[in-house]
Amino acid sequence: MKYLGRIYYEQKGLINLDDIVDIFIEVGNIHNYLENAALRILLFGNPELNFYQCRLLVLKYGESLSQDDLHGRMVFMRMIQLLEANIV
């Protein structure tokens with residue numbers, strides 16, 4: 001959890017780590033998730049991504065998940081909800 005606190009302050013992405021941190025707290029090894037390129041960009045990447053680029057990255061992240069990855073799917077669904085809340 002100490003590692004998660006350190007990366008929180010380095011965040012620059014559109015989807016806020018604060019929005020999904022409750023799911024990551026339950027994960028034993030967060031490093032497996034942070035190796036996912038799409039998720040890293042969403043959480044810590046280019047803050048100038050537009051809504052559609054962000055949506056494509058969320059979908060790419062969802063496609064990379066295995067069927068038995070419960071926490072990864074929970075993160076994916078939370079990000080979809082956040083995107084839907086931002087649709088005008």
Side-chain angles (χ1 to χ4, degrees):
M1 198 59 211
K2 183 178 180 182
Y3 178 74
L4 191 58
R6 184 168 49 92
I7 62 174
Y8 176 77
Y9 293 106
E10 299 170 3
Q11 180 175 339
K12 297 177 184 171
L14 287 177
I15 291 183
N16 209 332
L17 181 59
D18 206 23
D19 296 326
I20 57 176
V21 73
D22 58 323
I23 298 170
F24 280 140
I25 287 172
E26 299 175 11
V27 175
N29 187 0
I30 192 172
H31 297 284
N32 292 338
Y33 291 97
L34 296 181
E35 290 175 2
N36 184 296
L39 186 61
R40 272 198 326 269
I41 293 170
L42 286 165
L43 295 178
F44 313 109
N46 187 347
E48 297 181 14
L49 290 174
N50 66 36
F51 175 82
Y52 297 104
Q53 292 169 322
C54 186
R55 184 171 181 253
L56 287 174
L57 282 171
V58 168
L59 294 176
K60 183 176 180 178
Y61 169 70
E63 290 173 352
S64 72
L65 298 171
S66 66
Q67 288 185 348
D68 60 343
D69 185 356
L70 176 65
H71 291 101
R73 293 194 174 279
M74 289 170 61
V75 168
F76 174 69
M77 291 307 297
R78 179 78 53 86
M79 290 191 296
I80 291 293
Q81 291 171 343
L82 291 169
L83 288 175
E84 287 179 355
N86 288 321
I87 294 176
V88 177

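Predicted model only: the values in this text are computed from it and were never measured.
Rounding to the nearest 0.5 angstrom, the gap separating the CG atom in Leu57 from the OH atom in Tyr52 is 15.0 Å. Note that CE of Met79 is 13.0 Å distant from CZ of Arg55, once rounded to the nearest 0.5 Å. Between atom CG of residue Asp22 and atom CE of residue Met74 there is a gap of 7.0 Å, rounded to the nearest 0.5 Å. Put simply, CZ on Arg78 and CD1 on Ile20 are 8.0 Å apart, with the number rounded to the nearest 0.5 Å. In this structure, CG on Leu83 lies 10.5 Å from CD on Gln81, to the nearest 0.5 angstrom. Here the straight-line distance linking atom NZ of Lys60 with atom CG of Asn36 works out to 8.5 Å at 0.5 Å rounding.
Under a 3.5 Å cut-off, the side chain of Glu26 and the backbone N or O of Ile23 do not form any donor-acceptor pair.
Note on Leu70 and Val75: same hydrophobic cluster, where clusters join Ile, Leu, Val, Met, Phe, Trp and Tyr whose side-chain heavy atoms are under 4.5 Å apart, directly or indirectly. Criterion: ILVMFWY side-chain heavy atoms under 4.5 Å apart, direct or through other members. Under it, Leu56 and Met77 are not part of a common hydrophobic cluster.
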(message) With side-chain contact (heavy atoms from CB on, under 4.5 Å) as the criterion, how do Ile41 and Leu49 come out once you've worked through the C-alpha distance, each side chain's angles and the decisive distance to 0.1 Å?
(response) CA-CA 9 Å; Ile41 293 170; Leu49 290 174; 3.9 Å; yes
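Not counting sequence neighbours, the partners of Tyr33 by the ring-ring contact (aromatic ring centres under 6.0 Å, His included) test are Phe24.
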